[in-house]
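The sequence lines fix the lettering, A, B, ..., with proteins before strands; numbering per chain opens at 1.
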Number of protein chains: 2
Amino acid sequence: MRIVDTEERRRRVSQAVWEVMDRAGFAGLTMRAVAEAAGCTTGMVTHYFAGKREMLAFARARMHERMDARVRARDGLADVLEESLPLDAERRAETRVWLNFLVAALHDPDLAPDHVDRNRAWQDRIASLIAELNPALDASLEAQTLVSLTDGVATLAAADPGRFPPARQREILRHHLSRLLP
Amino acid sequence: MRIVDTEERRRRVSQAVWEVMDRAGFAGLTMRAVAEAAGCTTGMVTHYFAGKREMLAFARARMHERMDARVRARDGLADVLEESLPLDAERRAETRVWLNFLVAALHDPDLAPDHVDRNRAWQDRIASLIAELNPALDASLEAQTLVSLTDGVATLAAADPGRFPPARQREILRHHLSRLLP
DNA sequence: CTGTTACCGTAACGCCTGTTATGGAAATAC
DNA sequence: GTATTTCCATAACAGGCGTTACGGTAACAG
């Protein structure tokens with residue numbers, strides 16, 4: 001006897017979570033603010049999530065799904081890495097949200113393991129792409145370098161788009177890759 | 001008619017702020033938690049700071065002073081950059097605190113300008129060191145690359161010390177520098 | 001039509017927050 | 001000695017928080 005699309009509602013709440021988090025950060029992320037951003041009340045939110053933690057966990061999982069889907073749609077080392085950079089407004093917002101979840105994971109034992117696993121899988125993915133392109137390289141070392149570089153660029157660009165416009169981000173990445181794979 | 005050392009008290013509170021922030025993050029950073037970590041009560045804290053914002057601003061400024069002092073004690077590009085990595089427990093804690101302030105700056109218009117200024121000054125500092133070593137390089141580009149790289153390594157190492165032990169962090173940095181300045 | 005169930009707005013609850021007020025002990029000033 | 005000021009613990013306060021309970025509306029079932 002389902003009347004509304006449950007998943008649609010949960011996705012709508014997730015989007016509201018990102019919206020609030022992007023605008024006000026973790027500190028401003030309250031149930032009431034999320035509900036307002038979703039155009040409803042806390043009653044609706046609590047109807048679909050047992051509590052704030054579950055809501056946040058779902059929003060985080062959905063964010064990762066989106067990121068994964070975007071990267072999976074790409075081919076080749078340069079394109080895959082570039083997809084992880086905040087090259088447009090949407091991805092800049094996503095980067096800001098991602099940073100919020102990142103520091104949350106630093107202090108939340110429930111989130112930390114998944115965060116670490118994801119980072120490691122991402123490094124391994126890049127390492128395998130490097131190994132394909134040039135087996136002579138230390139793929140693990142180069143992958144950690146590249147992931148660090150792109151994460152750093154994303155972080156700096158999120159805070160200072162003026163000095164890290166899209167063209168500059170791309171330039172940094174391409175320049176490094178050209179030295180790595182001449 | 002000063003009885004106690006005011007600066008000593010403020011510094012003690014600052015240290016308590018870092019301690020709580022490292023352990024519990026921004027979410028767990030309450031006046032009461034800070035007071036307890038400092039071994040006193042909120043009455044003492046409010047006696048030396050007009051409010052939470054001022055306390056945090058002071059703690060943040062002190063953190064930057066410490067970082068600056070450490071870097072200023074070093075010479076040469078490699079050593080300066082290495083000093084910014086979380087190579088020991090103390091700097092790993094500091095990196096976690098720094099990340100908290102970083103995301104706070106993303107959503108706080110009062111903190112953002114200073115954050116951006118500091119990042120830019122840091123990039124410029126690295127750029128000038130690069131220009132000295134090899135004027136043929138695009139110092140600005142290489143500096144942004146290096147700063148992104150070290151920031152990324154610091155972030156990843158803070159979350160996953162297992163995959164980014166001190167030796168690995170150094171290896172990543174040295175390896176990149178060796179390609180940059182053969 | 002009647003009963004049941006999904007949906008969710010409204011509102012109350014207790015807790016914890018930053019802030020402010022109060023009061024008193026201790027040190028200095030005179 | 002008294003007066004004054006610094007220092008800070010204690011506690012009260014209003015506001016906002018996540019959570020929970022309640023109630024009504026609308027959709028389906030029989």
Side-chain angles (χ1 to χ4, degrees), chain A residues 1-61 100-101 103-104 107-111, chain B residues 1-61 100-101 103-104 107-111:
Chain A
M1 188 182 173
R2 282 276 165 277
I3 296 172
V4 305
D5 182 352
T6 302
E7 279 309 302
E8 183 274 338
R9 287 282 189 274
R10 299 182 129 226
R11 247 178 280 128
R12 181 134 64 93
V13 173
S14 277
Q15 203 168 333
V17 169
W18 304 334
E19 207 176 305
V20 174
M21 208 182 256
D22 175 44
R23 183 174 4 100
F26 235 111
L29 195 133
T30 67
M31 288 288 164
R32 288 162 176 85
V34 170
E36 191 183 8
C40 61
T41 65
T42 60
M44 185 266 207
V45 177
T46 56
H47 187 72
Y48 292 100
F49 295 101
K52 189 180 185 182
R53 289 193 72 82
E54 191 183 306
M55 180 189 77
L56 283 168
F58 185 83
R60 195 176 97 103
N100 273 278
F101 278 122
V103 307
H107 307 283
D108 188 333
D110 294 347
L111 268 49
Chain B
M1 190 182 172
R2 282 276 165 276
I3 295 172
V4 304
D5 183 352
T6 302
E7 280 308 302
E8 184 274 338
R9 288 282 188 274
R10 298 182 128 226
R11 247 177 281 128
R12 181 133 66 93
V13 173
S14 277
Q15 202 168 334
V17 169
W18 303 335
E19 206 177 306
V20 174
M21 208 182 256
D22 174 45
R23 185 177 0 103
F26 234 110
L29 195 133
T30 67
M31 289 286 163
R32 287 163 177 83
V34 169
E36 190 182 10
C40 62
T41 65
T42 61
M44 185 266 206
V45 176
T46 56
H47 187 71
Y48 292 101
F49 295 100
K52 190 181 185 180
R53 289 193 72 83
E54 192 183 306
M55 179 188 77
L56 283 168
F58 185 83
R60 195 176 97 103
N100 273 279
F101 278 121
V103 307
H107 307 283
D108 187 334
D110 294 347
L111 268 50

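We find that NE2 of A:His47 is positioned 13 Å from C1' of D:dA27, with the value rounded to whole Å. Across the protein-nucleic acid pair, B:Glu8 atom CD and D:dC7 atom P stand 12 Å apart, rounded to whole Å. Rounding to whole angstrom units, CZ of residue A:Arg32 and C1' of C:dG9 are separated by 13 Å. C:dC7 atom P lies 10 Å from atom CG of A:Asp5, rounded to whole Å. Put simply, CE on A:Met44 is 13 Å from C1' on C:dA6, counting in whole angstrom units. Here D:dC17 presents its C1' atom at 12 Å from CG of A:Leu29, a figure rounded to the nearest Å. For the pair A:Phe26 CZ and D:dC17 P, the interatomic distance rounds to 15 Å; values are reported in whole Å. Put simply, CE on B:Met31 is 19 Å from C1' on C:dC15, counting in whole angstrom units.
Residue-level contact check: A:Phe49 touches neither bases nor backbone, having no heavy atom under 4.0 Å from any strand. Within 4.0 Å of A:Thr30, counting heavy atoms only, lie sugar-phosphate atoms of the nucleic acid but no base atom.
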Next item on the list: Would you check, one step at a time, whether the test salt bridge (Lys or Arg N to Asp or Glu O under 4.0 Å) holds for A:Asp108 with A:Arg53?
Entry: CA-CA 11 Å; A:Asp108 188 333; A:Arg53 289 193 72 82; 2.9 Å; yes

Notebook entry, point to check: After noting the C-alpha distance and the side-chain angles of A:Val20 and A:Gln15, does the key distance pass the side-chain contact (heavy atoms from CB on, under 4.5 Å) rule?
Noted result: CA-CA 9 Å; A:Val20 174; A:Gln15 203 168 333; over 6 Å; no

Check: Taking it one step at a time, do B:Val13 and B:Met44 satisfy side-chain contact (heavy atoms from CB on, under 4.5 Å)?
Finding: CA-CA 9 Å; B:Val13 173; B:Met44 185 266 206; 4.1 Å; yes

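Remark on DNA chain D: of its neighbouring residues A:Gly43 and A:Gly28, the 5'-side contact belongs to A:Gly28, judged by nearest-heavy-atom nucleotide.
Checked against C:dG9, D:dC7, D:dA9, the side chain of B:Tyr48 finds its nearest nucleotide in D:dC7. Nearest to the side-chain atoms of B:Thr46 among the listed nucleotides C:dG9, C:dC7, C:dT20 stands C:dT20. Comparing C:dC8, C:dG18, C:dG9 by their nearest atom to the side chain of A:Thr41 picks out C:dG9.
One finds a side-chain N or O of B:Arg9 lying less than 4.0 angstrom from the OP1 or OP2 phosphate oxygen of D:dC8.
Under a 4.0 Å N-O distance rule, the pair A:Glu8/A:Arg12 qualifies as a salt bridge.
Looking at B:Glu19 and B:Val34, their side chains never come closer than 4.5 Å, going by heavy atoms from C-beta outward.
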